[in-house]
Amino acid sequence: MNYQDYYIPVNFTDAGRLAGLFPIRNTIEALILALPVVFCCFVFLPFDLTTKIMVSMIAGVPLGGFALIGVQDDCLSRFLWAWWRWRRRRGVLTYRGTPAKRGRGR
């Protein structure tokens, strides 16, 4: 048989990602979460510009980074929705302490 080799390029799965790393949905969620925090830091803090930038980076970068990465290979909003549904619909199992039925030998 005549076999042909097909080489898969490195950027084969880059479609739908920003810079080949982050899914577009995660990027949008990160912007939605981080931009209001950074804006509030710049508008409402009574410090000079350098301090405002530092506080904004301390508050905005971890929040945006967490949203970019996601949780368990899922975007943050989808994970929170699944967690919320699980919290509402979870069942509670209780043990009532009843002994197991025994045979007639007793």
Side-chain angles (χ1 to χ4, degrees):
M1 261 192 182
N2 188 7
Y3 292 105
Q4 291 182 352
D5 292 333
Y6 293 101
Y7 295 103
I8 299 173
V10 177
N11 62 352
F12 176 70
T13 60
D14 287 350
R17 293 182 175 263
L18 183 68
L21 295 173
F22 305 113
I24 294 174
R25 181 170 178 160
N26 290 15
T27 307
I28 292 170
E29 287 180 3
L31 289 174
I32 289 172
L33 289 175
L35 283 180
V37 172
V38 171
F39 178 75
C40 288
C41 287
F42 271 101
V43 171
F44 296 120
L45 289 179
F47 304 120
D48 58 340
L49 181 62
T50 306
T51 309
K52 287 182 180 183
I53 291 173
M54 295 303 289
V55 171
S56 300
M57 292 301 111
I58 290 172
V61 168
L63 185 62
F66 184 67
L68 273 176
I69 294 170
V71 178
Q72 295 178 356
D73 204 22
D74 218 355
C75 65
L76 192 59
S77 64
R78 195 174 296 152
F79 172 77
L80 289 175
W81 181 252
W83 177 79
W84 181 253
R85 284 189 321 197
W86 172 78
R87 288 285 292 175
R88 286 188 22 216
R89 297 179 182 170
R90 68 183 171 161
V92 178
L93 300 176
T94 57
Y95 176 68
R96 297 183 192 269
T98 57
K101 293 184 180 180
R102 299 184 184 204
R104 293 186 178 247
R106 238 174 106 149

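Computation of the quantities below employed the complete heavy-atom set of this structure, encompassing side-chain atoms and omitting hydrogens, waters and symmetry-equivalent molecules.
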Using the rule that two of Ile, Leu, Val, Met, Phe, Trp, Tyr join whenever any of their side-chain heavy atoms come within less than 4.5 Å, decide whether [X] and [Y] are in one cluster.
X   : Y   : result
W84 : L76 : no
F39 : F44 : yes
I28 : V61 : no
L33 : W83 : no

Which heavy atom in [X] sits nearest to a heavy atom in [Y], and how many Å separate them?
X   : Y   : answer
F42 : K52 : O-NZ, 3.1 Å
A34 : G60 : CB-O, 3.9 Å
N26 : I69 : ND2-O, 3.8 Å
D74 : F79 : OD2-N, 4.4 Å
P23 : L21 : CD-O, 3.9 Å

How long is the straight-line distance from [atom2] of [Y] back to [atom1] of [X], given to the nearest 0.5 Å?
X   : Y   : atom1 : atom2 : value
L63 : L35 : CG    : CG    : 10.0 Å
F47 : C41 : CZ    : SG    : 10.0 Å
R87 : L80 : CZ    : CG    : 13.0 Å
F22 : L68 : CZ    : CG    : 5.0 Å

> Within 45° of the ring axis of W81 and under 6.0 Å from its six-membered ring centre, is that where the NZ or CZ of R78 lies?
Replying inline: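 Judged by the rule (NZ or CZ under 6.0 Å from the ring centre, within 45° of its axis), R78 is not positioned above W81.
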> Where the side chain of E29 meets the backbone of C75, is there a donor-acceptor pair that is under 3.5 Å apart?
Replying inline: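 Answer holds: no.
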> Around atom CG of D48, are there more than 12 heavy atoms of other residues, nucleotides or ligands at under 6.0 Å?
Replying inline: yes
